[in-house]
Amino acid sequence: MALLTVVSIVLGCSALPPLPSAVLKPPPEVHTGVETGWWAVRFRVDWPPEDAPRWHMDPLLAHRAALPVLERYHDEIFLWRFHRRAARDAAGHQFSLIFYAARHTALRINADILGNPLIEQARAAGLLAEVVCDDTSAVIKPGIGDTSDPAWSPPLRDAWPHFLMGASRTWLELITALSPEDEFEPTTFYETEQRYRQVNSALTAIWQREGRHAFLHHLNALFGYEPVWIIDKRLMNF
């Protein structure tokens, strides 16, 4: 709530609408026959050989391309999250908006994102390779846990999307708080990109200085400070 208050002061309004009250229950559409499921919009960022990933493009796309549809369709999107990755494979550097909504809502969201002028500007600047939207002709992933890791236990698969929605919202609120409107409004895409380079650096600084306590420690506290197995089979607390 404190973070939302800061954002409200900076921007004059809340960056995102309140979360649904019944967050622990499946959306009603699952039980009424409306075609509801998971959808993804994947932004593939240009990544030249031998260069580091352009990580600053992720907060730029989250703030300028994803946030407008999250605000516009907040009553129709039941769950949502971001996914970031960069590997030297077919997908490369890819930033994704993943959301749970009715099929007709996904169709409109895809059209809005593809019609966003920022997308063409990023393409023209050579920074965005393509935008790939899920085919909305049929619902392929209707279950709440259908996009979770299949190796997880069923209770965790169904609960985890709520966790990542909260984490994604926190990340987006930080981007908004670090990107206040001021007297300098970028007039070119290059200027916009440079602004989000600064935003990304500030995000990294917050994560490195405060992430252990603000995120890892408090998550550990929710589970009674029990240690967790890490990759080399050691137990660790945060």
Side-chain angles (χ1 to χ4, degrees), residues 14-45 57-58 60-85 90-120 122-123 128-173 175:
S14 177
L16 289 172
L19 292 173
S21 58
V23 293
L24 297 181
K25 296 180 180 179
E29 280 71 3
V30 174
H31 306 290
T32 59
V34 175
E35 294 182 292
T36 305
W38 286 104
W39 315 94
V41 178
R42 298 175 177 88
F43 304 87
R44 292 181 177 165
V45 180
M57 288 294 296
D58 296 359
L60 188 159
L61 292 165
H63 195 211
R64 297 297 185 97
L67 177 57
V69 297
L70 291 172
E71 291 178 322
R72 188 173 303 126
Y73 299 101
H74 71 272
D75 289 335
E76 302 174 58
I77 298 174
F78 301 105
L79 289 164
W80 61 272
R81 68 178 184 271
F82 296 127
H83 184 263
R84 306 176 72 186
R85 56 98 68 196
H93 178 184
Q94 183 169 274
F95 173 72
S96 300
L97 169 63
I98 304 167
F99 59 97
Y100 191 83
R103 188 165 66 90
H104 60 81
T105 300
L107 185 64
R108 298 202 304 272
I109 288 173
N110 291 350
D112 281 8
I113 289 177
L114 292 174
N116 187 326
L118 177 94
I119 299 302
E120 183 53 40
R123 282 175 170 157
L128 185 62
E130 62 178 337
V131 180
V132 180
C133 300
D134 279 350
D135 182 1
T136 57
S137 62
V139 177
I140 305 299
K141 298 176 180 178
I144 295 296
D146 283 353
T147 58
S148 301
D149 192 320
W152 296 342
S153 62
L156 180 56
R157 288 200 301 267
D158 287 344
W160 181 80
H162 299 282
F163 164 68
L164 247 294
M165 178 174 170
S168 296
R169 175 173 176 149
T170 299
W171 183 71
L172 184 53
E173 294 283 5
I175 294 169

Mind listing the closest non-hydrogen atom pair of [X] and [Y] along with its distance?
{"X": "Ala101", "Y": "Glu76", "answer": "CB-O, 3.4 Å"}
{"X": "Gly37", "Y": "Val139", "answer": "CA-CG1, 3.9 Å"}
{"X": "Gly92", "Y": "Arg85", "answer": "O-NH1, 2.6 Å"}
{"X": "His162", "Y": "Leu79", "answer": "ND1-CD2, 3.4 Å"}

(request) Could you walk me through whether Ile109 and Arg72 pass side chain to side chain contact (heavy atoms under 4.5 Å, CB included), step by step? (result) CA-CA 9 Å; Ile109 288 173; Arg72 188 173 303 126; over 6 Å; no
(request) Name the orientation class of the two ring planes belonging to Phe95 and Trp171 (parallel below 30°, tilted from 30 to 60°, perpendicular beyond 60°). (result)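 Phe95 and Trp171: tilted rings.
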For the atom pair [atom1] ([X]) and [atom2] ([Y]), what is the distance rounded to the nearest 0.5 Å?
{"X": "Asp112", "Y": "Arg108", "atom1": "CG", "atom2": "CZ", "answer": "8.5 Å"}
{"X": "Leu97", "Y": "Ile77", "atom1": "CG", "atom2": "CD1", "answer": "7.0 Å"}
{"X": "Phe82", "Y": "Leu70", "atom1": "CZ", "atom2": "CG", "answer": "5.5 Å"}
{"X": "Gln94", "Y": "Glu130", "atom1": "CD", "atom2": "CD", "answer": "8.5 Å"}
{"X": "Ile175", "Y": "Leu67", "atom1": "CD1", "atom2": "CG", "answer": "9.5 Å"}
{"X": "Thr147", "Y": "Tyr100", "atom1": "OG1", "atom2": "OH", "answer": "10.0 Å"}

(request) Could you check Thr105, Asn116, Ile113 and say which one makes a side-chain contact (heavy atoms from CB on, under 4.5 Å) with Val69? (result)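 Only one of Thr105, Asn116, Ile113 forms a side-chain contact (heavy atoms from CB on, under 4.5 Å) with Val69, namely Ile113.
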(message) Given Lys141, which partner from the list Asp134, Ile98, Asp146 fulfils the side-chain contact (heavy atoms from CB on, under 4.5 Å) test?
(response)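 In the set Asp134, Ile98, Asp146, the residue that makes a side-chain contact (heavy atoms from CB on, under 4.5 Å) with Lys141 is Asp146.
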Could you list the donor-acceptor pairs under 3.5 angstrom formed between side-chain atoms of residues 150-157 and any protein atom two or more places apart in sequence or on another chain?
residue : atom : partner : partner atom : Å
Arg157  : NH1  : Pro150  : O            : 3.4
Arg157  : NH1  : Trp152  : O            : 2.5

(message) A cation-pi test, strictly: NZ or CZ of Arg81 under 6.0 Å from the centre of the six-membered ring of Trp38 and no more than 45 degrees from its axis. Yes or no?
(response)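 Here Arg81 passes the 6.0 Å and 45° test against Trp38.
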(message) Could you walk me through whether Trp80 and Phe78 satisfy the ring pair (Phe, Tyr, Trp, His ring centres under 6.0 Å) test, starting with their C-alpha distance in whole Å, then the side-chain angles of each, then the deciding distance to 0.1 Å, before giving a yes or no?
(response) CA-CA 7 Å; Trp80 61 272; Phe78 301 105; over 10 Å; no
(request) Could you give me the CA-CA distance, side-chain angles and deciding distance for Val41 and Val131, then say whether side chain to side chain contact (heavy atoms under 4.5 Å, CB included) is met? (result) CA-CA 7 Å; Val41 178; Val131 180; 3.7 Å; yes
(request) Please test Asp135 against Ile140 for side chain to side chain contact (heavy atoms under 4.5 Å, CB included), starting from the C-alpha separation and ending with a verdict. (result) CA-CA 9 Å; Asp135 182 1; Ile140 305 299; over 6 Å; no
(message) side chain to side chain contact (heavy atoms under 4.5 Å, CB included), that's the test. Do Trp39 and Asn110 meet it? Break it down for me.
(response) CA-CA 10 Å; Trp39 315 94; Asn110 291 350; 5.8 Å; no
